[in-house]
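The structure under discussion appears below in the form of structure tokens.
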Amino acid sequence: MDYRELIRDVPDWPEPGVVFKDITPLLADPKGLAWAVDRLYEPFVGKGIDLVAGIESRGFIFAVGVARALGAGFIPVRKPGKLPRSTVRREYALEYGNDAVEMHADAAGEGQRVLVVDDVLATGGTMAATCELFAETGADVVGAAVLIELGFLDGAQRVAAPLHSVLLY
Ligand SMILES: O=P(O)(O)OC[C@H]1O[C@H](OP(=O)(O)OP(=O)(O)O)[C@H](O)[C@@H]1O
Ligand SMILES: Nc1ncnc2[nH]cnc12
């Protein structure tokens, strides 16, 4: 099975000119979901990952499965104003609009080995900002894993950590 068939292109959503990659058919397919999680975590087996960070909200879907498979803990990286304690924050530009990511300042300790997971790498702003947040706290960002890399947007060059993309468009 070519699981790309379960990822739908939605033209001009959420705004004109953007072709949105809709992963909901892949998520709804039991084998497709397992395939996606397995392809995301496999390169990191044996790499001593302590914590897997998921980026709100679609990153959460995959990051918990990846954390379970690697025997690691999970860290939510959230949109602004969602976390109750002291946070660190980074602003970034999206393919459509601007946003920011936050995490608890004490989410990862000095030297802890972190893998950052998201569904899509587009301009790379979200992933780059997240990796910078972890580096700022003294964590060791071992890798960034995404299901989909939109290669034509050149986002990979903004990400300092080694990037693992399951599907390249
Ligand atoms: O590489 P970038 O250009 O930064 O874009 C990628 C980000 O955009 C999407 O999130 P979105 O902000 O749409 O939120 P969602 O996951 O809540 O749908 C996607 O899930 C990534 O996190
Ligand atoms: N084209 C796109 N499809 C799905 N998610 C995205 N996040 C940023 N750009 C995206």
Side-chain angles (χ1 to χ4, degrees), residues 2-29 32-33 35-41 44 51-67 74-84 87-104 107-108 114-137 139 141-169:
D2 181 357
Y3 289 108
R4 283 178 200 249
E5 289 170 18
L6 296 178
I7 297 171
R8 293 185 290 214
D9 278 357
V10 183
D12 299 320
W13 199 91
E15 62 181 43
V18 174
V19 180
F20 188 84
K21 295 286 181 200
D22 174 23
I23 60 168
T24 58
L26 179 73
L27 297 176
D29 185 277
L33 178 61
W35 174 85
V37 173
D38 290 354
R39 294 296 87 72
L40 281 164
Y41 84 76
F44 301 96
L51 293 160
V52 176
I55 304 176
E56 184 173 2
S57 56
R58 282 175 272 149
F60 290 175
I61 298 166
F62 299 108
V64 172
V66 168
F74 168 76
I75 298 176
V77 173
R78 301 214 59 180
K79 301 281 164 61
K82 300 285 187 180
L83 289 165
T87 55
V88 284
R89 171 194 178 100
R90 188 68 58 120
E91 314 268 340
Y92 62 95
L94 268 185
E95 189 185 7
Y96 38 86
N98 289 296
D99 219 328
V101 281
E102 289 184 354
M103 66 177 191
H104 276 140
V114 176
L115 171 65
V116 184
V117 170
D118 206 353
D119 66 330
V120 174
L121 186 92
T123 65
T126 312
M127 183 58 84
T130 303
C131 291
E132 285 162 18
L133 277 182
F134 279 102
E136 203 173 285
T137 67
V141 185
V142 177
V146 295
L147 181 66
I148 295 170
E149 178 186 349
L150 303 181
F152 55 90
L153 291 174
D154 281 336
Q157 66 180 11
R158 297 175 67 179
V159 180
L163 177 69
H164 166 57
S165 312
V166 176
L167 297 171
L168 178 64
Y169 287 85

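Ligands are counted one by one from 1 in listed order, and the atoms in each one are counted from 1 as well. Since the structure is predicted, the reported quantities are computational estimates derived from the model, not experimental observations.
Each of the following atoms of ligand 2 lies closer than 4.0 Å to a heavy atom of R58: 4 (C), 5 (N). In summary, the atoms of ligand 1 found under 4.0 Å from a heavy atom of V120, numbered by their order in the structure, are 6 (C), 21 (C). Using a 4.0 Å cut-off to heavy atoms of T126, the atoms of ligand 1 that qualify are 2 (P), 4 (O), 5 (O), 6 (C), 7 (C), 22 (O). For ligand 1, the atoms closer than 4.0 angstrom to any heavy atom of G124 are 1 (O), 2 (P), 3 (O). Within ligand 2, the atoms closer than 4.0 Å to a non-hydrogen atom of A122 are 8 (C), 9 (N), numbered from 1 in the order shown.
In this structure, R78 does not pair ionically with E102, as no charged nitrogen and carboxylate oxygen lie closer than 4.0 Å.
P80 has its side chain within reach of D99: a pair of non-hydrogen atoms, C-beta onward, lies under 4.5 Å apart.
Here's the thing with K21: one of its N/O atoms is less than 3.5 angstrom from an N/O atom of ligand 2. Between D118 and ligand 1, at least one pair of N/O atoms sits closer than 3.5 Å. Residue-to-ligand polar distances keep D99 apart from ligand 1: every N/O pair is separated by 3.5 Å or more.
The backbone N or O of P25 lies less than 3.5 Å from no partner atom in the side chain of R8, so there is not a single donor-acceptor pair. Listed for the D12 side chain is a donor-acceptor partner under 3.5 Å among the backbone atoms of G17.
Compare E149, R58, K21 by their heavy atoms: the one nearest to atom 18 (O) of ligand 1 is in R58.
Nearest heavy-atom pair, C131 versus V159, reported as atom, atom and distance to 0.1 Å: SG-CG1, 4.3 Å. Between V52 and A63, the shortest heavy-atom contact is CG1-O, 3.6 Å. Taking both residues in full, the closest heavy atoms of V77 and A53 are given as CG2-CB, 4.0 Å, listed atom of the first, atom of the second, then distance.
Note on ligand 1: E56 sits in its first shell, one or more heavy atoms being nearer than 4.0 Å.
Heavy atoms of V19 found under 4.0 angstrom from ligand 2 belong exclusively to the backbone. Under 4.0 angstrom from ligand 1, the non-hydrogen atoms of T123 come from both its backbone and its side chain.
A cation-pi arrangement is absent between R39 and F62, since the terminal nitrogen or guanidinium carbon is not both under 6.0 Å from the aromatic centre and inside a 45° cone about the axis.
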